[in-house]
Number of protein chains: 2
Amino acid sequence: MRIPEPILILTDDDLLAERWKALAPAVIRAREVEALDTWHKAGHRLVVTDLSRPRIGSKTLWTEAAWLRNAGGLAILAASSRPDDDEGLAALKAGACGYCHSHAPIDTLRQALEVIESGELWVGRALLSRLLRLVDTRLPRAGLADWATPLTEREREVAHHAAIGESNPGIADALGITERTVKAHLKAVFEKLQVADRLQLALRVHGVR
Amino acid sequence: MRIPEPILILTDDDLLAERWKALAPAVIRAREVEALDTWHKAGHRLVVTDLSRPRIGSKTLWTEAAWLRNAGGLAILAASSRPDDDEGLAALKAGACGYCHSHAPIDTLRQALEVIESGELWVGRALLSRLLRLVDTRLPRAGLADWATPLTEREREVAHHAAIGESNPGIADALGITERTVKAHLKAVFEKLQVADRLQLALRVHGVR
DNA sequence: ACGCACCCTGTCCTTGTGGACAATAGCGGA
DNA sequence: TCCGCTATTGTCCACAAGGACAGGGTGCGT
């Protein structure tokens, strides 16, 4: 059993809470959205919440103040008893790190938690397939490799390593060349792309402004 | 160490193969795409492949006959030494079950394998975020509040300026404070966000992983 | 009054980075 | 063959960046 980190379970469905208690050794159960505040303040991150049950009139969970306050700092797995793609998209948009069926096998839930605990996002196969189909139907997006065109093959490699935050010695080590050579390539890259330093390069490579 | 199932490693990069050997107790390494045939016939499912290295001219891996024959029956994790969104989309469309950085931490790769081994799909945070953004262009700040939450107001300002490539004197000038103060704020920012330098900070702020 | 968090500034010091000079070697086109 | 592009490596140097010590000032809650 992994997930040593404590988990907050947010639902007022007793049966669900009982099921989810098997997720990890340390599980706290709450019924009110405000529990997110204390959870965040206590330095915890992991949350599993039932989107259907903390009933808050007709509003959705992620319009609640407590959600908005803490969604950024927490890793929330949103579960729905009747998952649908739009709800999933909305949940992720609102800062949830994962979306799944609330009655999914406990092992699946645990895996989803492990994934979001490590900083990734978790999206079920169905929703992800739909996402892929959606972007596939309308993707005119090209020119992402715009920055790479004027560069030589070797310069591209060095530029990429630099753009993801590696140091010159690190790049040299990764490519099996000298740090001096890395500098030479980077100098050429800076010149060709008209940037001043590796940070500007990173922004260019990752398509920031 | 989980993943009791044997894994096929497909790459002609010796260093990468060496790294990936730590993925599971049972790891078979191959250099040719045709290895997928025997792997599938032997009743195995898990494959990790380097998109860059089994060099097949200018063609991509998934236009190979061996890929097309087996992609449906295998669970393939495609890794790229220079991941880019278009390549990832293409790989998933071609039947890969996951797409990630070939030099990602071994634990991340293992987790990805566990996910696709259980029948799900794996997509890294960066690509997934972009997918979500593509589907709903106004994905506001699912990542902004993330890095900003632990910071104070002033630290946020400094972090933002640093993340768009401004130098310390530049930031100091922009905020009307001393360069020394900028450094102090940045030191706190680095500490709180657990990053080593301003480039890592920029990547975090702009949602790049 | 005291602690605490935040904001501000100071002086060293080490290291990484980028530029300014180089040089050598391979490879392909004119 | 010569020229140009590419890849590689060298040394020296100026500067930015980040850490390691310092502090001082304000406001706020107990």
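Only this structure's heavy atoms are used, side chains among them; waters, hydrogens and symmetry mates stay out. Quantities reported herein were computed from a predicted structural model and do not represent experimental measurements. Numbers restart at 1 for each chain; the letters A, B, ... are given by sequence-line order, proteins then strands.
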Span of DNA chain C, from the first to the last nucleotide whose atoms fall under 4.0 Å of chain A heavy atoms: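 Under 4.0 Å from chain A, the extent on DNA chain C is C:dT17 to C:dC21.
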
Not counting sequence neighbours, which residues clear side chain to side chain contact (heavy atoms under 4.5 Å, CB included) with [X]? List them please.
| X | answer |
| --- | --- |
| B:Ala163 | B:Ala202, B:Val205, B:His206 |
| A:Asp14 | A:Arg29, A:Arg31 |
| B:Thr38 | none |
| A:Ala174 | A:His161, A:Glu166 |

For a 4.5 angstrom cut-off between non-hydrogen side-chain atoms, does A:Leu151 reach A:Val189?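 The answer is yes; the side chains approach within 4.5 Å.
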
For residues B:Leu16 and B:His103, determine if any side-chain heavy atom of one lies less than 4.5 Å from a side-chain heavy atom of the other. yes

Side chain to side chain donor-acceptor pair (under 3.5 Å): pairs with one or both residues in residues 189-201 of chain A, sequence neighbours excluded: A:Glu155-A:Lys192, A:Asn168-A:Arg198

Difference in axis direction between the ends of the helix from C:dA1-D:dT30 to C:dA30-D:dT1, five pairs, 10°: 30°

Salt bridge (Lys or Arg N to Asp or Glu O under 4.0 Å) partners for B:Arg19, two or more places apart: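 Partners of B:Arg19 by the salt bridge (Lys or Arg N to Asp or Glu O under 4.0 Å) criterion come out as none, since no residue qualifies.
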
Heavy-atom donor-acceptor pair, B:Gln111 side chain to A:Glu114 backbone, under 3.5 Å: yes

Could you tell me which residues satisfy ring-ring contact (aromatic ring centres under 6.0 Å, His included) with A:His44, sequence neighbours excluded, listed by chain and number?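 A:His44 satisfies ring-ring contact (aromatic ring centres under 6.0 Å, His included) with A:Trp39 once adjacent residues are dropped.
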
Pairing residues for B:Trp122 by the ring-ring contact (aromatic ring centres under 6.0 Å, His included) criterion, not counting sequence neighbours: none

Determine whether more than 12 heavy atoms belonging to other residues, nucleotides or ligands lie under 6.0 Å from atom NE2 of B:His101. yes

Sub-3.5 Å pairs of nitrogen or oxygen atoms, protein against nucleotides 4-8 of chain D:
{"unit_1": "D:dA7", "atom_1": "OP1", "unit_2": "A:Thr152", "atom_2": "OG1", "d": "3.2"}
{"unit_1": "D:dA7", "atom_1": "OP1", "unit_2": "A:Arg154", "atom_2": "N", "d": "3.3"}
{"unit_1": "D:dA7", "atom_1": "OP2", "unit_2": "A:Thr152", "atom_2": "OG1", "d": "2.8"}
{"unit_1": "D:dT8", "atom_1": "OP1", "unit_2": "A:Arg154", "atom_2": "NE", "d": "3.3"}
{"unit_1": "D:dT8", "atom_1": "OP1", "unit_2": "A:Arg154", "atom_2": "NH2", "d": "3.2"}
{"unit_1": "D:dT8", "atom_1": "OP2", "unit_2": "A:Arg154", "atom_2": "NE", "d": "3.2"}
{"unit_1": "D:dT8", "atom_1": "OP2", "unit_2": "A:His185", "atom_2": "NE2", "d": "2.8"}

Just by protein heavy atoms under 4.0 Å, how would nucleotides 16-27 of chain D read 5' to 3' in B, S and -? -BBSBB------

